[in-house]
Structures are given as structure tokens and as C-alpha cells.
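Chain identifiers are assigned alphabetically (A, B, ...) following the order of the sequence lines, protein sequences preceding nucleic acid strands; residue numbering begins at 1 within each chain.
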There are 2 protein chains.
Amino acid sequence: MDRRQEILEAAAKSFSLFGYKATTMDQVAKIANVGKGTIYTFFANKEELFNAVVVKMINEMRTEADAAAVEGASFEKNAHARLMQMLKFRETHQLYAKLVDEEREIRTPAVSEVLEAIEKEIVSYIREKIEKAIRKGELKQCDTELIAYLLFKAYLALVVDWGKTHDAELTEKRIVELLSGTVFNSLLL
Amino acid sequence: MDRRQEILEAAAKSFSLFGYKATTMDQVAKIANVGKGTIYTFFANKEELFNAVVVKMINEMRTEADAAAVEGASFEKNAHARLMQMLKFRETHQLYAKLVDEEREIRTPAVSEVLEAIEKEIVSYIREKIEKAIRKGELKQCDTELIAYLLFKAYLALVVDWGKTHDAELTEKRIVELLSGTVFNSLLL
DNA sequence: GATTGACCAAAATACATTTACGGTCATCTA
DNA sequence: TAGATGACCGTAAATGTATTTTGGTCAATC
């Protein structure tokens, strides 16, 4: 089997289990059943290996977000489904969850950078969908960059942050009612 | 002069200059020109002294936020002015800025708790204003708790977070246009 | 020519020792 | 004699140091 692939999978396993900092190159080599030196013939260093693993994860997330949308459904319904899916992915997917954790309690630069990149990716993904809906005539012209950013931050706040400072999570119904009445409604043509 | 007051001022000065963790009770005693034991006749411990200082600061912030509003102006205009003022206070006021800093790089529980309390205070302040506007018939009935939370988080994201991941800050105009067209507009009766 | 693991400098960790700090209370003074 | 004080105490943090671990290299190997 492809050596590069085996290394990638081994790395994904280790990063998922132990996080970035606690994963050692020896560890990865052992899991992948290769010598440590072999890793460096495919990846320049630990951080590049990490980035490659994360890129793969981002693609999985995108795929799952797309799967959450329903052909023919309204922009609001699909945008909601997509965002909820990605936020669920964020706390369900072993690697993503681990990285969020690591970011909270240690401060590893490589992890911060990667998390930032993921968020940028999500925002630009949302933006794509908005622009597509505008082209289709479902939404009115607007500042798509800012709207995408606002949507993402709003969902992050309502789904993730709220629970940290209140004793109960917000129900999805309450979130939908709030955003449907405010942001989403204002986007309609 | 009132001993309690002198201690409070000395503490405010020290917390502002060095943060919570790096402020020592000996330090405060020296600045206040009192024996260390005296502090403990007014405040049970360092954290209570800290809380008292922060309560004072919250009141200042409230006063400044109120001063930013204009009698007779629209809800949107005043809410915007109030929120922008509080966010400016957040990075201008020596103590507040220092605490945000300390929270970012050290993880002092007392500081985290206090920052959370301040945010709660801001949100409930915004909520008050929303409810007042509803009573006056300027805004429609809505989920005031969530709207207040969303507004605060949106401003935080647009004014504070945006700059951290983009090379230029958002202009106030762009923020106003975004929120005016979405959240604020939807609140009108 | 691809693969490997012993090897190296640098970074992280563990440990021992010292220092600093929050909080107390017997003493002092007004 | 009631409030103020600072020397004092136990603990927690900081500091210094020895030891281990780790990312990355490269000469030897297959």
C-alpha cells in the first residue's frame, strides 16, 4: 500500500488520540510501520504532516456539510443544516475536538494556526453558498463576506458559547426562530 | 479620608498596572499607606477586594455607555453607540484591558470569573434597553434575552475578533450597514 | 535510490531548593 | 479598648539544575 497514505493515516490516528504536541514522530513511525526517516521523505517536518492531516479532515467536513443540505430546500434551511452539521462535526470528530481542547488548555502555535485556517475555510464555504443563492435569485445582493462571517460567529455563539455560561444549551428551535426572524429574513429578495 | 476608599483606590491602581495575579496585598497596603492587616478588616480576601474594584469599574462603564446615547435618537442609533462605547472602554480602560490581556496569556480563575460577570452585565444592560424600547412601542415583541446576547456577540465579533484574523479593522460604516440591514431592521415594529 | 535508526542539539520535564505570597494574630497605640 | 499593624506561618509558586525526550539529520544498509 501507498507509504505516504499509511503515514498520513498513522499521523491522523495519533493526532486524534494525543493531540499535536503529545504526538511524536517516533510514535507516528511506529504506528505506520516505517522508519522515522521515511516520514521525512514525504513531509518536510511535523507541522507539514499535521497540515496534511488537517486538510484531509477539512474535506471530510465539507463533504458532511454538503450531505446535510437538501436539494431544493430554502437557503435558510440548508444554511442552518450546514452550519449545525459543521458545529456538530467540531465536537464529534476526534481530531477536531482534540485540537479545540488543546487550544484551550495548552497554547500550541501550530494548533492555533490550524484552527484559524479551519474557521476561515468554513466562512468561505458559507460565503460560497450565499453567493450561489444570490446568483439563483433567492437572496438579495449583500456584503457576502461580512454576512458569512456574521452567520458563522452567530452560530458559534449560540451553539457553543451559550452553553458555557448558562446551565442549559439553547434548543435548536429557539436558535432557528431567532435567526430566521433576524439575519435570514433580511437576506431574502 | 475613608480608609476603605483609599484601599479600593490603591487596589484599583495596582490591578490596573500589574493585573490580578501580579498584584500583592503588600503592594496594595503600601500604596494605600495602611498596614496589610487593615485591608482584611474591610475585605475578606484578595478576591473580594478585586471584585469590589471591578464592581466600581462596571458602574463607570455603565455611566459612559449611558452618556454615549442621545435622548430621542432611534433605538438602533443608541444601541450602536452604547455597544461601541463599551467595546472601546474594554480596550481603553487600563484595568479592563489588563484583565483581557491576563485572561489571554495566563489563566487566572478569578480573572475569568470576573470577565464572565462583566459580559453578563453588558448583556443584561443591552437587554434592559431593548425591553424599554419595546415598552415604548419602538420595537416589536421578541426574545430579548437572546437578541441582547446576539447583539453583544455580533459586535464583539465584528469589532474585536475580525481584526485578529484580517489585516484591516472593519470600518464603523460597514458594521452599521451590516447590522442595520439585518438584526436592527428586523426588530422594528 | 529508497529506507532506516543511531545520533545530535535543543527543548521539555522532573526534581530539589529557595523565595514569595495570602492570610493571621499577638502586640501596639491613640 | 478598638482598630491598626507588621512579624510570622504554611503553602504555593518561582527558580535553578540534572535528566530525559524529541524533531530532525545522514551515513550505513538493503
Among the candidates [options], find the nucleotide nearest to the side-chain atoms of [X].
X     : options                : result
B:K46 : C:dG23, D:dT22, D:dG24 : C:dG23
B:K21 : C:dT13, D:dA4, D:dA14  : D:dA14
B:T24 : D:dA4, C:dG22, D:dG23  : C:dG22

Run the salt-bridge test on [X] and [Y] with the 4.0 Å N-O cut-off and return the result as yes or no.
X      : Y      : answer
B:E131 : B:R127 : yes
A:R62  : A:E128 : yes
A:R104 : A:D101 : yes
A:K98  : A:E102 : no

(request) May I ask you to check if B:K46 and B:Y40 form a cation-pi contact, with NZ or CZ under 6.0 angstrom from the six-membered ring centre and within 45° of the axis? (result)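 No.
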
Rounded to the nearest angstrom, tell me the gap between atom [atom1] in [X] and atom [atom2] in [N].
X      : N      : atom1 : atom2 : answer
A:M25  : D:dT25 : CE    : C1'   : 12 Å
A:Y40  : C:dG1  : OH    : P     : 24 Å
B:I106 : D:dA13 : CD1   : P     : 12 Å
B:E47  : C:dG22 : CD    : C1'   : 12 Å
B:D26  : D:dT5  : CG    : C1'   : 12 Å
B:F43  : D:dA4  : CZ    : P     : 13 Å
A:K30  : C:dT3  : NZ    : P     : 20 Å
A:I39  : D:dC26 : CD1   : C1'   : 16 Å

(request) Please evaluate the base of D:dG23 for a donor-acceptor partner in the side chain of A:K36 within a cut-off of under 3.5 Å? (result) yes

(message) So B:T38, base contact, sugar-phosphate only, or nothing? Heavy-atom distance under 4.0 Å.
(response) base

(message) Looking at C:dT3, I'd like to know if its phosphate oxygens (OP1 or OP2) sit under 4.0 Å from a side-chain N or O belonging to A:R3.
(response) yes

